[in-house]
Undergrad: 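What follows is a single structure, and I will ask about it in a moment.
Every chain is numbered from 1, with letters handed out A, B, ... down the list of sequences.
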Amino acid sequence: MPVTENALSEKIFKEKPILKKSVLKRSFYERDTSLVAKDLLGKILITVSCDADIQIKNEFCAGMIVEDEAYYGLNDPASHACNGPTPRSNIMFETPGITYVYFCYGNHWLLNAVTEKFGIPGAVLIRAIEPIYGTSIMSYRRSTNRLENLTNGPGKLTQAFGIKRDFNGRDLTDTESPVFIIDGSGFKNPYLQVSKKEIVSRPRIGIKNGTDKLLRFYIKDNKFVSKK
DNA sequence: ACCACGATGAACT
DNA sequence: GTTCATCGTGGTC
């Protein structure tokens, strides 16, 4: 199934009222982190580039979230908040619905959505996305034309979507934000309707501790999931 | 001040 | 399957 750079895309960018109606509200994020993680599958992430360089200013990228992981606080040994707040993990205790973007392995920026009530740490790591719009920009940023290789990993998708340090602490519930998430159902995109999301739950990956619980979620059989 | 390591990805064999 | 580049963070001294 080819990517749908189609009428949906035009609506996303030109019909601001629809955008504002479709954007996920703060109450969506102010819940148990695993519930938020499961409900984020099938939702649409949108970024607006603010790259200082080159010709990709004010360009949109959009894609469907197909894989993510839940991270909690004190009782979660894999969480950055497991020892309480630090300069880095402070933001996990903050207002739900904002981003937590951090630098990993010396190369990569990873995108999280902050969850739970203010003061309770929690975040959902966005691990994989299925591109919907902006693939030429994604290809440019990723230095590859292979569609399946653009956004099938947490570090890959941030590179493709232009998410870096300055995307930390941004409001995902604001359509004027450089990054926000909408419920795509309002766009009546047949392609998205086809993906009746069957959610698979597995242990989180890439961590040593905290693999006992099933906190990784992905859409069954979606080819953009980072690893089966 | 020091240092081990990581919510990864790419390039290998 | 393997190795390794890369550097911010946080724990320890």
Undergrad: Starting at atom CE of A/Met92, determine the distance to atom P of B/dA7, rounded to an integer number of angstrom.
TA: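 Checked: the CE to P distance equals 11 Å.
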Undergrad: Does A/Arg204 count as lying over the ring of A/Tyr71, i.e. NZ or CZ under 6.0 Å from the six-ring centre, within 45 degrees of the axis?
TA: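 Pair A/Arg204/A/Tyr71 counts as cation-pi.
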Undergrad: So, A/Trp109 versus A/Phe103, ring centres under 6.0 angstrom or not?
TA: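 Distance test on ring centres: under 6.0 Å, yes.
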Undergrad: Can you tell me if A/Lys25 has over 12 outside heavy atoms packed within less than 6.0 Å of its NZ?
TA: yes
Undergrad: To the nearest Å, how far apart are A/Tyr102 OH and B/dG6 P?
TA: 11 Å
Undergrad: Measure from CG on A/Leu157 to P on B/dG9 and round the result to the nearest Å.
TA: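 In whole Å, B/dG9 P and A/Leu157 CG are 8 Å from each other.
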Undergrad: How close or far is atom P of B/dT8 from atom CG of A/Leu111, stated in whole angstroms?
TA: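 The distance from CG of A/Leu111 to P of B/dT8 comes to 14 Å, rounded to the nearest Å.
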Undergrad: On the nucleotide B/dT8, are OP1 or OP2 found under 4.0 Å from the side-chain N or O atoms that A/Arg127 carries?
TA: yes
Undergrad: Write down the distance between CD (A/Glu148) and P (B/dA10), rounded to a whole number of angstrom.
TA: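 So the CD-P distance, A/Glu148 to B/dA10, works out to 14 Å.
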Undergrad: Rounded to the nearest 0.5 Å, how far does OH of A/Tyr102 lie from NE2 of A/His80?
TA: 4.0 Å
Undergrad: Are any non-hydrogen side-chain atoms of A/Leu215 and A/Arg202 less than 4.5 angstrom apart?
TA: no
Undergrad: Going through the checks in order, is the side-chain contact (heavy atoms from CB on, under 4.5 Å) test met by A/Leu125 and A/Asp68?
TA: CA-CA 5 Å; A/Leu125 170 71; A/Asp68 58 22; 5.9 Å; no
Undergrad: Choosing from B/dT8, B/dG9, B/dG6, which nucleotide comes nearest the side chain of A/Arg142?
TA: B/dG9
Undergrad: How many Å lie between CD1 on A/Ile163 and P on B/dT8, as a whole number?
TA: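 Checked: the CD1 to P distance equals 16 Å.
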Undergrad: Given side-chain hydrogen bond (donor to acceptor under 3.5 Å, both in side chains), test A/Thr99 with A/Arg170 step by step and report yes or no.
TA: CA-CA 5 Å; A/Thr99 60; A/Arg170 310 307 283 260; over 6 Å; no
Undergrad: Taking protein heavy atoms under 4.0 Å as touching, what does nucleotides 1-13 of chain C look like 5' to 3' if B marks base contact, S marks sugar-phosphate-only contact and - marks none?
TA: ----BBBSSSS--
Undergrad: Enumerate, in order of first residue number, the stems that involve DNA chain B, defined as 3 or more consecutive Watson-Crick or G-U wobble pairs with both distances under 3.5 Å.
TA: B:1-6 with C:7-12, B:8-12 with C:1-5
Undergrad: B/dT8 phosphate, OP1 or OP2: any side-chain N/O from A/Lys156 under 4.0 angstrom?
TA: no
Undergrad: How many Å lie between CZ on A/Arg146 and C1' on B/dA10, as a whole number?
TA: 13 Å
Undergrad: Tell me: CG of A/Asn112 to C1' of B/dT8, nearest whole Å?
TA: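 Interatomic distance, CG of A/Asn112 to C1' of B/dT8: 14 Å.
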Undergrad: So, applying salt bridge (Lys or Arg N to Asp or Glu O under 4.0 Å) with A/Glu67, which one of A/Lys156, A/Arg216, A/Lys220, A/Lys223 is it?
TA: A/Arg216
Undergrad: Give the C-alpha distance, both sets of side-chain angles, the deciding distance and a yes or no for side-chain hydrogen bond (donor to acceptor under 3.5 Å, both in side chains) between A/Gln159 and A/Arg142.
TA: CA-CA 6 Å; A/Gln159 185 182 23; A/Arg142 291 270 305 125; 2.7 Å; yes
